[in-house]
**Q** 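Just dropping this structure here.
Since we're looking at a predicted model, the values are computed, not measured.
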Amino acid sequence: MSFDTEVLIIGAGMSGLGLAVQLIRQFGVRDFELIEKSDDVGGTWLQNTYPGCGCDVASHFYSYSFAQNPDWTRKYSMQPEIQRYFRSVAEQYRIEENIRFHSIVEKATWDDSGKIWVVTVLNLTSKVRSVRRCKILVSAVGALSVPKKCETPGVDKFKGPLFHSAQWNHEFDWKNKEVVVLGNGCSATQFLPIMASGPDAVKKITQFSRQAQYLSERDNPYYSSTFKNVMRYVPLAMRIYRAHLYWQMERDYPGFDIENGKAIREDLKKENEAYVKRTAPKKYWDALIPKTEIGCKRKVLDTEYLASLHKSNVELISDDPVKEILEHGVVTKGGKEVRADAIVLAIGFATQQMLFPMEIVGKGGLGLNQYWDTTSQSVAQAYFGTCVPNFPNFFVMMGPNTVTGHLSVIYTVECQINFTLRLIAPIIRSLPSYRSKSLLPAFLAVPTSTVEVRLDAARRDSQWTQREARKLVWASGCVNWAIDEKTGLNNMMYPDFQYWYWFRSVFFKKEDFVYRDAESVQVVKASWGRVLALLAGAGILASGAFLGREWVFEEFPKRLKGLDPRILVRSVTKG
């Protein structure tokens with residue numbers, strides 16, 4: 001069956017953009033589409049525009065390895081600069097030409113007869129639905145794409161502005177207003193100091209927190225022109241600096257081990273406690289010094305949040321949670337009423353609703369959520385966080401158990417991208433856009449149509465992930481975004497060093513996957529010897545026919561380096 005585009009990518013954020021660029025860089029193909037709900041690229045860095053929004057990973061490492069930027073203005077960049085970076089990458093590779101903006105994917109269904117994905121796309125502006133058929137489908141919606149809904153009773157009663165930090169209301173002028181903040185995660189520690197300071201400060205900001213966060217000191221220096229020039233002009237300077245940043249973060253990983261990392265965590269805990277006591281008001285020490293294991297919740301870099309708690313217009317309440325939202329404020333369980341002109345929700349994202357609200361239907365009409373219901377107690381799981389059995393040619397960027405507690409998510413996603421491209425290479429090389437650029441005769445193309453992870457391999461990978469995750473601090477008892485409260489399963493964190501994640505992306509177990517041709521006949525790996533034998537049988541190497549002896553014996557071996565050595569083996573039974 002024909003298709004409209006070879007690769008369809010859902011989302012033009014960091015992971016979708018990175019995959020699109022690498023399709024161009026590694027295969028030279030542009031027959032792909034990205035479906036993006038917003039009006040620009042950047043994903044979470046386009047969506048999150050709250051005051052003070054920035055990254056907690058150093059900029060030179062929070063960037064693509066293939067698009068290093070010598071011009072970062074400071075060590076930890078702010079949202080506008082990060083979004084501009086992603087836009088510059090998109091412009092460099094002309095990715096915008098392939099993006100359908102203001103659109104979402106409602107449903108994707110695998111057509112087993114045609115070996116394609118049939119995708120229903122809704123244009124959010126015109127409300128027109130269209131169908132796009134693709135050979136390969138990639139979800140790049142990210143784990144932080146759906147803000148949590150406020151479940152506090154009375155939320156619909158409130159008369160003033162009430163919004164999530166990821167959906168900031170820029171029409172709201174907080175000057176001399178009374179504001180209530182629900183939550184104390186990373187976003188709250190960034191926007192609260194700005195709202196409480198300067199000539200446009202709030203009259204009063206009252207923050208309700210549940211669990212204390214580990215806040216660590218952060219220096220955020222501006223880079224000098226000399227430093228930028230070194231990054232730009234000195235060979236390997238940026239790569240060496242990136243390697244240094246990587247090592248600084250990766251060396252923290254042993255501290256996540258519940259048993260063997262106690263000494264490391266104890267030192268970090270003492271360091272954190274000393275910083276809080278040195279910086280924050282004494283009356284808040286109990287609310288700010290966690291009782292849980294350090295690392296169980298991701299550490300937050302302090303952006304003058306602790307210092308802002310000294311201000312007279314700031315109040316932190318940690319022992320009297322909000323019971324109900326009223327028309328003009330909130331009431332706590334202790335009966336205290338707090339007036340509010342606006343309520344800001346800093347309550348995080350729905351990380352347990354993987355790929356929500358899309359409907360993905362694989363072979364035999366099996367829905368993705370239905371598969372997870374029957375195999376992992378409704379908790380999302382995927383092989384290498386990327387592949388799911390019964391869903392051929394379908395890949396998930398930032399999928400289950402791909403997040404780390406210590407490193408850059410871009411590093412992880414690049415590993416996923418490389419892994420995915422290695423898997424789909426035989427399929428891409430069989431498709432028209434690649435074949436039109438290839439100098440090899442058409443009859444040498446191996447007609448690989450689908451790739452799918454084996455069910456037993458996916459089960460082993462999930463069992464290993466959950467077994468190892470139980471040994472780490474995320475399972476030590478605190479409430480965090482990684483653990484499903486009902487089952488205790490971890491669907492977010494990868495339980496190992498990130499260099500091992502990279503290693504697995506390169507040297508994956510090929511026997512864990514099944515390749516098939518258009519007739520569902522299995523395609524298996526073959527040696528170069530057998531490929532050369534086929535060529536010899538065709539008379540090419542023997543006589544130099546068609547291409548000339550010089551091309552055959554000198555140029556042709558070079559071409560072989562880019563060809564995947566697979567041959568078609570027709571099984572007695574199909575499937």
**Q** Taking the side chain from S59 and the backbone from S77, do they hold a donor-acceptor pair closer than 3.5 Å?
**A** yes
**Q** Are the side chain of Y284 and the backbone N or O of L316 linked by a donor-acceptor pair below 3.5 Å?
**A** yes
**Q** Distance-only, no hydrogens or angles: does the Y241 side chain make a donor-acceptor pair with backbone N or O of F61 under 3.5 Å?
**A** no
**Q** Do L17 and F86 come close enough that some side-chain heavy atom pair is under 4.5 Å?
**A** yes
**Q** With no hydrogens and no angle check, do the side chains of Q416 and T386 hold a donor and an acceptor under 3.5 Å apart?
**A** yes
**Q** Please check if atom CZ in R459 has more than 12 non-hydrogen atoms from other residues, nucleotides or ligands closer than 6.0 Å.
**A** no
**Q** List the steps, then state whether side chain to side chain contact (heavy atoms under 4.5 Å, CB included) holds for V344 with F163.
**A** CA-CA 5 Å; V344 183; F163 51 90; 3.8 Å; yes
**Q** How far does CG of N401 sit from CG of N490, to the nearest 0.5 angstrom?
**A** 5.5 Å
**Q** Taking atom types as modelled and ignoring hydrogens, do the side chains of T404 and Q498 form a donor-acceptor contact shorter than 3.5 angstrom?
**A** no
**Q** Return yes when atom CZ of R232 has more than 12 non-hydrogen atoms of other residues, nucleotides or ligands closer than 6.0 Å, and no otherwise.
**A** yes
**Q** In the structure I gave you, are the side-chain heavy atoms of V300 and N184 within less than 4.5 Å of one another anywhere?
**A** no
**Q** Taking C-beta and beyond as the side chain, do N220 and L301 meet within less than 4.5 Å on heavy atoms?
**A** no
**Q** Under a 4.5 Å cut-off applied to non-hydrogen side-chain atoms, are V473 and I294 in contact?
**A** no
**Q** Please check if the side chain of W372 supplies one atom and the backbone of Q381 the other of a donor-acceptor pair under 3.5 Å.
**A** yes
**Q** Check R84 with D71, please: is the shortest side-chain N to carboxylate O separation under 4.0 Å?
**A** no
**Q** Look only at the side chain of E273 and the backbone of I289, and say whether a donor-acceptor pair between them is shorter than 3.5 Å.
**A** no
**Q** I'd like to know whether CD of E304 has more than 12 heavy-atom contacts from other residues, nucleotides or ligands below 6.0 angstrom.
**A** no
**Q** Between Q190 and Q79, is the side chain to side chain contact (heavy atoms under 4.5 Å, CB included) condition met? List the steps.
**A** CA-CA 11 Å; Q190 291 180 341; Q79 176 269 334; over 6 Å; no
**Q** Does the separation of the ring centres of F384 and Y501 fall below 6.0 angstrom?
**A** yes
**Q** Check whether any side-chain heavy atom of M231 lies under 4.5 Å from a side-chain heavy atom of W72, and answer yes or no.
**A** no
**Q** Just by distance, do the side chain of S197 and the backbone of I194 share a donor-acceptor pair under 3.5 Å?
**A** no
**Q** Tell me, yes or no, whether the heavy-atom count around K282 atom NZ, taken from other residues, nucleotides or ligands under 6.0 Å, exceeds 12.
**A** no
**Q** Within a strict 4.5 Å, meaning less than it, do heavy atoms of the T420 and M397 side chains meet?
**A** yes
**Q** Any heavy-atom pair between the side chains of V506 and R422 that's under 4.5 Å?
**A** yes
**Q** So, Q207 side chain and G183 main chain: donor-acceptor pair closer than 3.5 Å or not?
**A** yes
**Q** Quick check, are the ring centers of F32 and F27 under 6.0 angstrom apart?
**A** no
**Q** Any side-chain heavy atom of Q26 sitting closer than 4.5 Å to one from N418?
**A** yes
**Q** Just by modelled atom types, is the V41 backbone N or O under 3.5 Å from a matching donor or acceptor in the Q83 side chain?
**A** yes
**Q** Between F66 and Y64, how do the two ring planes meet: parallel, tilted or perpendicular, split at 30° and 60°?
**A** parallel
**Q** Does the side chain of Y305 come under 3.5 Å of the side chain of Q213 through a donor N or O and an acceptor N or O?
**A** no
**Q** Roughly how far, to the nearest 0.5 Å, is the NZ atom of K299 from the OG atom of S216?
**A** 4.5 Å
**Q** Decide, yes or no, whether a salt bridge links D512 with R460 under the criterion of side-chain N to carboxylate O below 4.0 Å.
**A** yes
**Q** Does the plane of the ring in Y253 sit parallel, tilted or perpendicular to the ring in F497? Use 30° and 60° as the thresholds.
**A** tilted
**Q** Show, in sequence, the C-alpha distance, side-chain angles and deciding distance for T73 and E81, and conclude whether the side-chain hydrogen bond (donor to acceptor under 3.5 Å, both in side chains) test is met.
**A** CA-CA 8 Å; T73 59; E81 186 174 15; 2.7 Å; yes
**Q** Aromatic rings Y383 and F419: how do their planes relate, parallel, tilted or perpendicular, breaks at 30° and 60°?
**A** parallel
**Q** For E151, look at atom CD and say whether over 12 heavy atoms of other residues, nucleotides or ligands are found less than 6.0 Å away.
**A** no
**Q** Counting only heavy atoms not in R239, do more than 12 fall under 6.0 Å of its CZ?
**A** no
**Q** If only atom types and distance count, is the side chain of N480 paired as donor or acceptor with the main-chain N or O of W474 below 3.5 Å?
**A** yes
**Q** Backbone N or O of V379 within a donor-acceptor pair of the N491 side chain at under 3.5 Å?
**A** no
**Q** Pair R504, D461 - check salt bridge (Lys or Arg N to Asp or Glu O under 4.0 Å), show working.
**A** CA-CA 12 Å; R504 286 188 60 193; D461 186 69; 2.8 Å; yes
**Q** Does the pair Y76 and T303 meet the rule for a side chain to side chain contact (heavy atoms under 4.5 Å, CB included), with working shown?
**A** CA-CA 11 Å; Y76 300 97; T303 53; over 6 Å; no
**Q** Does the pair E266/K269 count as a salt bridge with the N-to-O cut at 4.0 Å?
**A** no
**Q** Salt bridge check, D40 against R87: does any charged N sit closer than 4.0 Å to a carboxylate O?
**A** yes
**Q** Can you tell me how the ring of W168 sits relative to the ring of Y50, calling it parallel under 30°, perpendicular over 60° and tilted otherwise?
**A** tilted
**Q** Under 3.5 Å, is there a donor on one side chain and an acceptor on the other for Q68 and H60?
**A** no
**Q** Are Y411 and Y499 close enough that their ring centers fall under 6.0 Å?
**A** no
**Q** Just by distance, with hydrogens left out, do W45 and Y62 show a side-chain donor and acceptor under 3.5 Å apart?
**A** yes
